[in-house]
Protein chains: 2
Amino acid sequence: MKQFKEYLNRISKIEDATFNELQKCFKPIKLRKNQFFAREEEYSKQIGFLKKGIVRAFFLNQEGKEYNKQFFVAPSIIGAYTSLITKQPNKIAQQALTDCQILVADFSKIEALYDEFHDLERLGRKIAEFYFLEKEQKEIEMALLDADKRYLILRERFPTIETIIPQYYIASYLGISPTQLSRIRRKMQQS
Amino acid sequence: MKQFKEYLNRISKIEDATFNELQKCFKPIKLRKNQFFAREEEYSKQIGFLKKGIVRAFFLNQEGKEYNKQFFVAPSIIGAYTSLITKQPNKIAQQALTDCQILVADFSKIEALYDEFHDLERLGRKIAEFYFLEKEQKEIEMALLDADKRYLILRERFPTIETIIPQYYIASYLGISPTQLSRIRRKMQQS
DNA sequence: TCGATTCATTTACATATGTAAACGAATCAA
DNA sequence: TTGATTCGTTTACATATGTAAATGAATCGA
């Protein structure tokens with residue numbers, strides 16, 4: 001729990017009393033590689049704090065092909081945020097890419113605490129803002145940079161990720177085919 | 001101000017006392033077509049409520065070519081949100097595409113009110129969440145749909161927009177060249 | 001009214017990228 | 001150890017899309 005508290009505190013100061021209430025909502029679980037934290041079509045109820053491991057978020061197009069939207073590398077908050085907020089069916093699956101340790105809570109319980117603890121509401125605001133910033137950052141990268149550069153950025157940001165997950169996941173994250181990623185990798189080796 | 005209050009109330013209930021304090025921060029301004037609400041490289045200070053008109057958000061790539069990121073159609077909140085949150089220089093310009101009526105406030109004044117008014121903090125959270133949802137929606141559209149379908153969606157969402165702004169702005173929003181948009185339009189006329 | 005400007009379209013061409021299939025290396029399980 | 005499986009790469013080919021330039025229509029200002 002210490003790791004969790006520090007993680008939250010770095011986002012927004014949280015009082016001890018607040019964290020005490022908050023932590024009561026969370027329980028540790030383990031996820032094996034390839035198990036799911038959130039599934040498509042379900043109404044998501046749970047939010048998690050990823051203590052250890054890597055999780056991918058992905059969705060499927062009409063032909064059933066996967067598009068990897070995001071990688072969560074611990075420490076990170078995970079969960080089908082959009083489904084939790086909108087109470088609509090989840091479009092985005094989240095799956096463990098490695099064995100994971102996670103603290104899990106019912107999101108409704110946390111929402112119920114917002115009324116009582118203003119600093120928790122503030123934390124919620126900061127997290128939403130942070131999610132927004134991440135999205136905008138990716139939007140700009142997708143619009144401004146070609147796949148070569150996005151690949152380099154990904155490798156800088158998560159140097160270990162390539163040793164852990166297959167190339168075709170990375171290609172999908174970059175929005176290109178595995179063939180194209182292979183071409184990019186070859187070109188980069190030559191120079 | 002009524003329109004503004006109703007707009008906010010639809011996002012999150014706001015008490016009269018809170019709104020009274022809040023509205024003191026805002027002043028009406030007008031923007032002529034092509035004038036800027038936010039500029040690149042500046043440290044943004046102001047947030048706005050767009051009462052009337054259309055504003056585009058865009059940024060430039062290395063060659064100085066514009067990419068239209070978003071269209072704000074009244075009623076809407078505008079402002080360089082990322083710069084306001086991070087206090088970093090703004091990367092995204094916002095420019096009036098039509099004559100506009102806007103309520104403007106110093107963002108720092110609003111942030112100062114967060115401490116006092118819990119319901120305002122909640123509103124801030126909801127707005128951040130809403131921004132996030134919008135971004136995720138666009139991310140999914142960009143990843144899953146080809147330009148043809150994204151074009152149709154844009155036309156459904158803003159039926160008037162094509163009569164107001166040039167095609168090459170729309171092409172840029174869709175992430176394609178004007179040539180390609182023209183090809184798509186021709187194909188759609190034929191069928 | 002007339003010339004200039006803006007803008008959508010079109011054409012020709014080059015290129016980037018996807019798809020499908022084959023191949024081979026590495027890994028894994030029996 | 002061996003056969004199967006997974007996965008990255010490569011090849012061949014088709015196609016989508018960008019760029020550059022020309023054209024023509026519409027609009028605007030003097």
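Since the model is a prediction, treat every value here as computed from it, not as a measurement. We name chains A, B, ... by the order of the sequence lines, and we start the count at 1 in each one.
Of the candidate nucleotides D:dT19, C:dT10, D:dG8, D:dG8 has the atom lying nearest to any side-chain atom of A:Pro166. Among C:dT9, D:dT10, C:dT10, the nucleotide with an atom closest to any side-chain atom of A:Arg186 is D:dT10. The side chain of A:Lys65 lies closest to C:dT19, out of C:dT19, D:dG8, D:dG18. For A:Thr179, counting side-chain heavy atoms from C-beta on, the closest listed nucleotide (D:dT10, C:dG18, C:dA8) is D:dT10. With C:dG18, D:dT19, D:dT9 as the choices, the nucleotide that has an atom nearest any side-chain atom of A:Ser182 turns out to be D:dT9.
Note: CD (B:Gln167) to P (D:dA25) measures 18 Å, nearest angstrom. For the pair B:Tyr168 OH and C:dT9 P, the computed distance is 13 Å after rounding to whole Å. Distance B:Leu181 CG to C:dC7 C1': 13 Å, rounded to the nearest Å. The CD1 atom of A:Ile176 sits 14 Å away from the C1' atom of D:dT9 (whole-angstrom rounding). At whole-Å resolution of the value, OH in A:Tyr151 and C1' in C:dA16 are 19 Å apart. In this structure, A:Ile170 atom CD1 and D:dT9 atom P are separated by 10 Å, rounded to whole Å. Following rounding to the nearest Å, A:Gln180 (CD) and D:dT15 (P) show an atom-to-atom distance of 18 Å. Taking atom CD1 of A:Ile164 as the reference point, atom P of C:dT27 lies 16 Å away to the nearest angstrom.
For the pair A:Lys135 and A:Phe130, the cation does not sit on the ring face, since its NZ or CZ is not both under 6.0 Å from the ring centre and inside 45° of the axis.
For B:Arg183 and D:dG18, a side-chain-to-base donor-acceptor distance below 3.5 Å is present, hydrogens and geometry of angles not being considered.
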In sequence, state the C-alpha distance, the side-chain angles, and the governing distance for A:Tyr67 and A:Phe58, and then conclude on ring pair (Phe, Tyr, Trp, His ring centres under 6.0 Å).
CA-CA 5 Å; A:Tyr67 171 75; A:Phe58 69 99; over 10 Å; no
Trace of the ring pair (Phe, Tyr, Trp, His ring centres under 6.0 Å) decision for A:Phe4 with A:Phe49:
CA-CA 7 Å; A:Phe4 185 32; A:Phe49 173 67; 4.6 Å; yes
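Remark: the backbone N or O of A:Phe71 is not paired with any side-chain donor or acceptor of A:Arg56 at under 3.5 angstrom. In this structure a side-chain-to-backbone donor-acceptor pair under 3.5 Å is missing from B:Asn68 to B:Gln70.
Listed pair B:Arg185 / C:dC7 fails the phosphate criterion, with no side-chain N or O lying under 4.0 Å from OP1 or OP2.
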